[in-house]
Amino acid sequence: MSKDRFSANNEITNPVIEVSDFDFYYGPVKSLNAVNMKIKPKTTTAFIGPSGCGKSTLLRNFNRMNDLIEGTKTEGDILLHGESIYRKDLNVTELRSKVGMVFQKSNPFPMTIYENIAYAPLKKGIKKRSSDLSDLVEESLRGAALWDEVKDKLHKSALGLSGGQQQRLCIARVLAMKPEIILMDEPCSALDPISTMKIENLIAEIERDYTIVIVTHNMQQAARVSSYTAFMYVGELIEYNSTTDLFSNPVMKQTEDYITGRFG
């Protein structure tokens, strides 16, 4: 077994995302400290660690969602295909089209199922009554394993769907933007076990076409869905290895204590 606690960074030679000496501040408070990591394309990477350790903060920097919070500051860099996402000429809206986000709590728009999926494509200029739009709605709902459940009620309110269906609708809404990367911030934390299983099965299906990064408090979920796992603690990346190695042969005692329940 390699004794390198960052073996994943050595294994990944053509990363889709590369984090370089990255620090992040909420006002004067430093939330992330000198994070260095590479994300492999078309695979699933999980972030684990206790609450408040910086998992979601790091995730939200991948599409600059934290820009929306007043008083934040970054140091270091994050690269997408080798180019800085913090360069001055970057179109942040375009970045968020390429790097989509699924939040912890499902947030369907208060409109029909069809309109939820069509909303962003319409904003980007696709014609409202075109067959392309209807095809895209169907394709996105199929991609989120939801089509068969909602195809007969596309023009009914999305708010009438179950919690698990709403979360898959939010995934379909992201898929409609044709992203390259999908960020998932604890997408199953509010779901029952059956809905959680459907989301996990969906992740396994779509990672053939998308790069997925998921934040989860559920270590069994991380083990089930991911190829690589990063353990974070107090804003630092403690260990980043293949999921199999990290859970079976952790390098750092902190990691071992956390995954065996002795953390504290």
Side-chain angles (χ1 to χ4, degrees), residues 5-9 11-12 15-24 26 30-66 74 76 78-80 85 99-105 167 171 174 179 181-191 196 199-200 203-204 206-207 210-247 250-252 254-261 263:
R5 64 188 176 118
F6 303 126
S7 287
N9 284 333
E11 293 175 11
I12 299 169
V16 61
I17 293 174
E18 184 168 4
V19 185
S20 178
D21 292 325
F22 190 74
D23 301 332
F24 182 81
Y26 290 110
K30 193 173 191 179
S31 179
L32 295 173
N33 182 42
V35 175
N36 288 277
M37 74 183 312
K38 299 175 182 178
I39 303 292
K40 186 175 181 177
K42 293 188 178 178
T43 192
T44 299
T45 300
F47 291 174
I48 64 170
S51 297
C53 70
K55 305 183 299 297
S56 294
T57 296
L58 179 59
L59 188 80
R60 289 168 63 91
N61 275 294
F62 290 166
N63 68 352
R64 291 183 52 177
M65 287 293 292
N66 286 327
T74 67
I78 297 176
L79 309 179
L80 178 65
I85 67 169
V99 187
M101 173 77 81
V102 177
F103 295 94
Q104 178 177 2
K105 183 172 171 35
Q167 191 65 297
I171 294 172
V174 170
I181 300 163
I182 301 176
L183 311 177
M184 296 185 171
D185 192 359
E186 297 190 63
C188 303
S189 64
L191 302 182
T196 295
I199 297 290
E200 291 181 4
I203 290 171
I206 66 175
E207 75 167 3
Y210 304 93
T211 301
I212 300 170
V213 187
I214 180 171
V215 167
T216 180
H217 277 104
N218 186 326
M219 286 179 284
Q220 290 77 21
Q221 181 173 77
R224 287 192 297 265
V225 304
S226 70
S227 297
Y228 292 94
T229 297
F231 170 59
M232 298 186 68
Y233 181 61
V234 195
E236 295 194 7
L237 181 61
I238 304 300
E239 188 165 344
Y240 181 37
N241 282 324
S242 74
T243 297
T244 300
D245 284 345
L246 187 137
F247 281 101
V251 174
M252 302 298 291
Q254 280 175 302
T255 311
E256 181 179 5
D257 287 348
Y258 182 73
I259 64 178
T260 58
F263 194 84

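Bear in mind the structure is a predicted one, so any value in this text is a computation, not a measurement. Count residues from 1 along the sequence.
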* To do: State, to 0.1 Å, how close P179 and G100 come at their nearest heavy-atom pair, and which atoms those are.
  => CB-N, 4.2 Å

* Structure fact -> Note: C53 and Y233 closest approach over all heavy atoms is CB-CA, 3.8 Å

* Which heavy atom in K55 sits nearest to a heavy atom in I48, and how many Å separate them? -> CD-C, 3.3 Å

* Within the 6.0 Å centroid threshold, strictly below: F231 and Y240 -> no

* Sidechain-backbone polar pair: S242 side chain, D245 backbone, donor-acceptor under 3.5 Å -> yes

* Validation row: V102, Q167 side chains within 4.5 angstrom (heavy atoms) -> yes

* Asked: Just by modelled atom types, is the D21 backbone N or O under 3.5 Å from a matching donor or acceptor in the N36 side chain?
  -> yes

* Out of curiosity, N61 CG to L32 CG, how far, rounded to the nearest 0.5 Å? -> 6.5 Å

* Asked: Going through the checks in order, is the side-chain contact (heavy atoms from CB on, under 4.5 Å) test met by I206 and I212?
  -> CA-CA 9 Å; I206 66 175; I212 300 170; 3.6 Å; yes

* Asked: Will you find, in the side chains of E186 and T216, an N or O donor that is under 3.5 Å from an N or O acceptor?
  -> no

* **I203 and M184, any side-chain heavy atoms less than 4.5 Å apart** => yes

* Asked: F24 vs Y26 aromatic rings, parallel, tilted or perpendicular, using cut-offs 30° and 60°?
  -> perpendicular

* Structure fact -> The reported gap from CD in E256 to CD in E239 (rounded to nearest 0.5 angstrom) is 10.0 Å

* Does the side chain of N9 come within less than 4.5 Å of M37's, by heavy atoms? -> yes

* Asked: Is the shortest heavy-atom distance from the side chain of L80 to the side chain of V16 under 4.5 Å?
  -> yes

* Asked: Do T229 and N241 have side chains that get closer than 4.5 Å, going by heavy atoms?
  -> no

* Asked: How many angstroms lie between atom CD of E207 and atom NZ of K40, to the nearest 0.5 angstrom?
  -> 10.0 Å

* Asked: So do the side chains of K38 and I17 get within less than 4.5 Å of each other, counting heavy atoms only?
  -> no

* To do: May I have the step-by-step check of side-chain contact (heavy atoms from CB on, under 4.5 Å) for F103 and R60, ending in yes or no?
  => CA-CA 10 Å; F103 295 94; R60 289 168 63 91; 3.7 Å; yes

* Separation between CD1 of I85 and CG of N63, rounded to the nearest 0.5 Å -> 7.5 Å

* Exam field: side chain N66 to backbone T57, donor-acceptor pair closer than 3.5 Å -> yes

* Is the closest side-chain donor-acceptor distance between S227 and T43 under 3.5 Å? -> yes

* Between E236 and N33, is a side chain to side chain donor-acceptor pair (under 3.5 Å) present by the stated rule, with each step listed? -> CA-CA 5 Å; E236 295 194 7; N33 182 42; 3.0 Å; yes

* Structure fact -> Nearest heavy-atom approach of G49 to H217 is O-CD2, 3.6 Å

* **Backbone of Q104 reached by a side-chain donor or acceptor of D185 within 3.5 Å** => no

* Asked: For K42, does its backbone N or O pair with a side-chain atom of T211 as donor and acceptor, under 3.5 Å?
  -> yes

* Looking at I259 and L246, what are the two nearest heavy atoms and their distance? -> CD1-O, 3.6 Å

* Count the heavy atoms of every other residue, nucleotide or ligand shown that sit under 6.0 Å from NZ of K30, and state whether that count exceeds 12. => yes

* Is there a donor-acceptor pair closer than 3.5 Å between any side-chain N or O of T243 and the backbone N or O of Y228? -> yes

* Roughly how far apart are N218 CG and T196 OG1, rounded to 0.5 Å? -> 8.0 Å

* Asked: Under a 4.5 Å cut-off applied to non-hydrogen side-chain atoms, are S226 and T45 in contact?
  -> no

* Grab the two heavy atoms, one from F6 and one from I238, that are nearest each other, plus how far apart they are. => CE2-O, 3.9 Å

* Would you indicate whether the side-chain heavy atoms of C188 and Q221 approach each other to under 4.5 Å? => yes

* How many angstroms lie between CZ in F62 and CE in M101, if you round to the nearest 0.5 Å? -> 10.0 Å

